[in-house]
Amino acid sequence: MGIASLLPTLKSISRHAHVGETYAGQVVCVDAYVWLHRGAYACSRELCEGLPTRKHVEYFLNRARTLKRANVRAIYVFDGGRLPGKANEEAQRRRNRSEALAKAKAHARQGNASAANDFYVRAVDITPEMAREVIEALAREGFESLTAPYEADAQMAYLVKNGFVAGVITEDSDLIAHGCRSVFTKMAGDGSGIEIRFEELGRNRGLSFVGFTPDMFLEMCVLSGCDYLPSLNGVGVKKAHSLIRRFKTYNKVLRHMKFEGIAVPKDYESRFVDALLTFKYSWVYCPQRREIVNLNDPVGVLDQSLIDDLPRLIAHSRVGAIDERADPKA
DNA sequence: TTAACGTCAAAAT
DNA sequence: TTGACGTTAA
């Protein structure tokens, strides 16, 4: 998901590259979520039926070995809580999966393996146990992994911002919204993919980001619609861009819209602030201090009363239980 | 011109 | 299920 159509917007500064050429001798972090899913496709039937398989683990290890061969040291970052979304969305997904599983089994009974497989792939669930299997397999080969207290996105953004890693390998455009120096997407099995550098933004053709600060860019992203807040009707990346270019801050954008009599839901502003806070102050693990910290330091930036509220504000924006692996005390 | 909408293909073997 | 792309509607 992430920010809708942000990647196509940045096509002119997207560079075809190879992880080796891009990161050789450096450390990067990898969004484990995608590889976990792709690996599961290779053996969705076995996973659904509870049959023994290690294909998904092997898939992940192969990717990890590709990075190693390219002389890239990687930290594999896993999501903490059970993945995003409201409880009812999660329940709906569970229902969809079990329906798909029923259909898969029906096709399998009739001997139609390929039809069955179409439904098995829709029925696979990525469980914490699968993540643990992969983490253990990685460790056995000397690969490092890290489970984020909440979301991997924020965790990876922290690692880049503080110089722990040089870049992020992911499919998620949110990392660009976070202002990551280097984001590597669409990595194939051979290590080829596309790199986007934040400092190239000023050279983008089409939408111009000349004069944009990282905050302006982030606010544009939230305005255009993100995982935490859908956009207003008729607002996409283009509209959000022209509004921020003209008014510089979301505050002034919203004031302008009110002035123009554009219909804005009553709670939009407060939800916008929550979304921004979630982007900027999510909880992450600091490998140096060995404790949970905010992605950005709120001290001196936010009012103390707001800082005191962060645990509540950020915890409710993504409801997800933190499993025991993510507990700093464990 | 831009966003919304619908269709299509890829994911891994 | 998601992202990419072409078409349509405002």
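Note that the structure is a prediction, hence the values are computed from the model and not measured. Residue numbering restarts at 1 for every chain, and letters A, B, ... go by the order of the sequence lines.
Projected onto DNA chain C by closest heavy-atom contact, K186(A) and Y41(A) fall at different nucleotides, the more 5' of which corresponds to Y41(A). Along DNA chain C, the nucleotide nearest to P8(A) and the one nearest to R122(A) differ in position, and the one closer to the 5' end is contacted by R122(A).
Following rounding to the nearest Å, N117(A) (CG) and dT13(B) (C1') show an atom-to-atom distance of 9 Å. Atom P of nucleotide dA4(C) and atom CG of L10(A) are separated by 11 Å, given to the nearest angstrom. Here the P atom of nucleotide dT2(C) and the CG atom of L7(A) are 16 Å apart, to the nearest Å. Distance I3(A) CD1 to dT2(C) P: 15 Å, rounded to the nearest Å. In this structure, the CZ atom of R93(A) is 8 Å from the C1' atom of dT1(C), given to the nearest Å. What separates NZ of K11(A) from P of dG3(C) is a distance of 16 Å, to the nearest Å. Note: CD (E171(A)) to P (dA10(B)) measures 16 Å, nearest angstrom. Distance, H56(A) NE2 to dT13(B) C1': 15 Å, rounded to whole Å.
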Checking V273(A) against L277(A) for the side-chain contact (heavy atoms from CB on, under 4.5 Å) test, could you report, in this order, the C-alpha distance in whole Å, the side-chain angles of both residues, the deciding distance, and whether it holds?
CA-CA 6 Å; V273(A) 173; L277(A) 289 172; 3.9 Å; yes

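A close approach under 4.0 Å does not occur between any side-chain nitrogen or oxygen of K238(A) and OP1 or OP2 of dA4(B). In this model, the phosphate group of dA12(B) is not approached by any side-chain N or O of R45(A) to a distance below 4.0 Å at OP1 or OP2.
Look at R203(A) and E200(A) and you find a salt bridge, because one of the NZ, NE, NH1 or NH2 atoms lies within 4.0 Å of a carboxylate O, short of that distance.
Comparing atom distances between the K239(A) side chain and each of dA3(B), dT13(B), dA4(C) picks out dA3(B) as nearest. Comparing dT13(B), dT1(C), dG3(C) by their closest approach to the side chain of N96(A) singles out dT1(C).
With 3.5 Å as the limit, one finds no donor-acceptor pair spanning the side chains of S282(A) and E151(A).
Below 30°, between 30° and 60°, or above 60°: for F212(A) and H241(A) the angle between ring planes is below 30°, a parallel geometry. Between F119(A) and H107(A), the ring-plane angle classifies as parallel under the 30° and 60° cut-offs.
Using a 4.0 Å heavy-atom distance criterion, K55(A) is classed as making no nucleic acid contact.
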